[in-house]
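These notes are about the structure you will find just below.
The figures that follow rest on heavy atoms only: side chains count, while hydrogens, waters and symmetry mates do not. Below, chains carry the letters A, B, ... as their sequence lines are ordered, and counting in each starts from 1.
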Amino acid sequence: MPEEIRRLARDGNALQPEAASSISSGLSIVGKITGHGVLTIFGHVEGEVRASTIVIAEGAQIEGEVSAEELTISGYVKGTIHANRLNLNSTAVIEGDIFHRILVIEGSDASMKSARAFVRWNRNFG
Amino acid sequence: VVFAKAKGNESDSNQVGASAQEAIRRLTRDGDASQSKEASSISSGLSIVGKITGHGALTIFGHVQGEVRASSVVIAEGAQIEGEVSAEDLTIGGYVKGTIHANRVRLGGTGVVEGDIFHRTLAIEENARFEGMSRRNENAIDMQSLAQPNGKGNDTAVSFNPVS
């Protein structure tokens with residue numbers, strides 16, 4: 001399974017175009033990204049981002065509102081975040097409000113040091 | 001407390017895509033996904049309204065309204081683009097409404113283009129639909145602006161751009 005996902009991510013997901021999107025580190029998008037499925041961002045996005053599952057990889061930079069059911073952040077986000085389940089990795093840097101149902105912080109020391117976040121717990125998200 | 005709560009809910013919220021998500025998460029965290037940094041893909045479930053610029057390969061299955069610029073662009077069957085498309089290599093199997101600038105253009109059998117094509121080489125397959133003007137240019141695209149979308153950093157003596 002991991003091998004397949006790796007291949008899908010690398011090849012731009014030729015096998016299941018429905019399933020996954022990827023924005024490489026060489027790419028910048030200024031505007032609004034909306035849809036469903038998995039979206040992995042390595043590059044720069046200025047604007048609103050909405051998808052079912054979003055992975056913001058290390059090195060990625062997002063300026064704008066991010067909304068997802070499942071959201072994993074290893075990069076930089078400046079903007080409001082809405083997620084049912086938010087996974088913050090130790091390299092994540094957040095500037096903005098976070099609205100979530102479940103929040104997981106990995107490597108909590110590093111995260112909290114670098115993150116300037118206002119975390120609010122929402123029972124009735126969505 | 002938050003951590004324990006999250007761990008406890010994890011099994012409950014597990015769905016079909018959870019294992020895939022977990023794998024992607026692991027790949028991202030481990031830096032194993034560095035291979036995918038080169039290629040971009042916009043799935044059929046995704047719409048982008050705005051400007052997409054950069055280098056590397058970009059495959060579009062979804063909808064884009066706005067300018068698209070990359071080194072190598074594939075507009076797959078089912079994809080819809082409304083806006084200007086610029087690339088070194090461009091393959092079209094979907095629908096494009098707008099002006100096209102590319103050194104090499106391949107219009108596939110499922111491709112539909114409504115707009116003008118500026119190209120160095122142009123291939124049109126059987127059953128493709130093309131409404132517009134085609135013009136041949138030795139340099140169909142502005143390579144400088146393609147390689148450096150911000151148009152900055154020209155003053156530095158060291159060039160990191162292999163494309164001349």
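One finds the CD1 atom of B:I48 at 3.5 Å from the CD1 atom of A:I29 (value rounded to the nearest 0.5 Å). In this structure, the separation between OG on A:S28 and NZ on B:K51 is 10.0 Å, given to the nearest 0.5 Å. In this structure, CG on A:L39 lies 7.5 Å from CD1 on B:I42, to the nearest 0.5 angstrom.
In this structure, B:E114 has no salt bridge (charged side-chain N to carboxylate O under 4.0 Å, His left out) partners at least two apart in sequence or on a different chain. For B:D89, the salt bridge (charged side-chain N to carboxylate O under 4.0 Å, His left out) partners two or more places apart in sequence, or in a different chain, are B:R104.
Within 6.0 Å of the CZ atom in A:R50, the count of heavy atoms belonging to other residues, nucleotides or ligands does not exceed 12. Within a 6.0 Å sphere centred on CZ of B:R135, other residues, nucleotides and ligands contribute 12 heavy atoms or fewer.
Nearest heavy-atom pair across A:A20 and B:S43 is O-CB, 3.5 Å.
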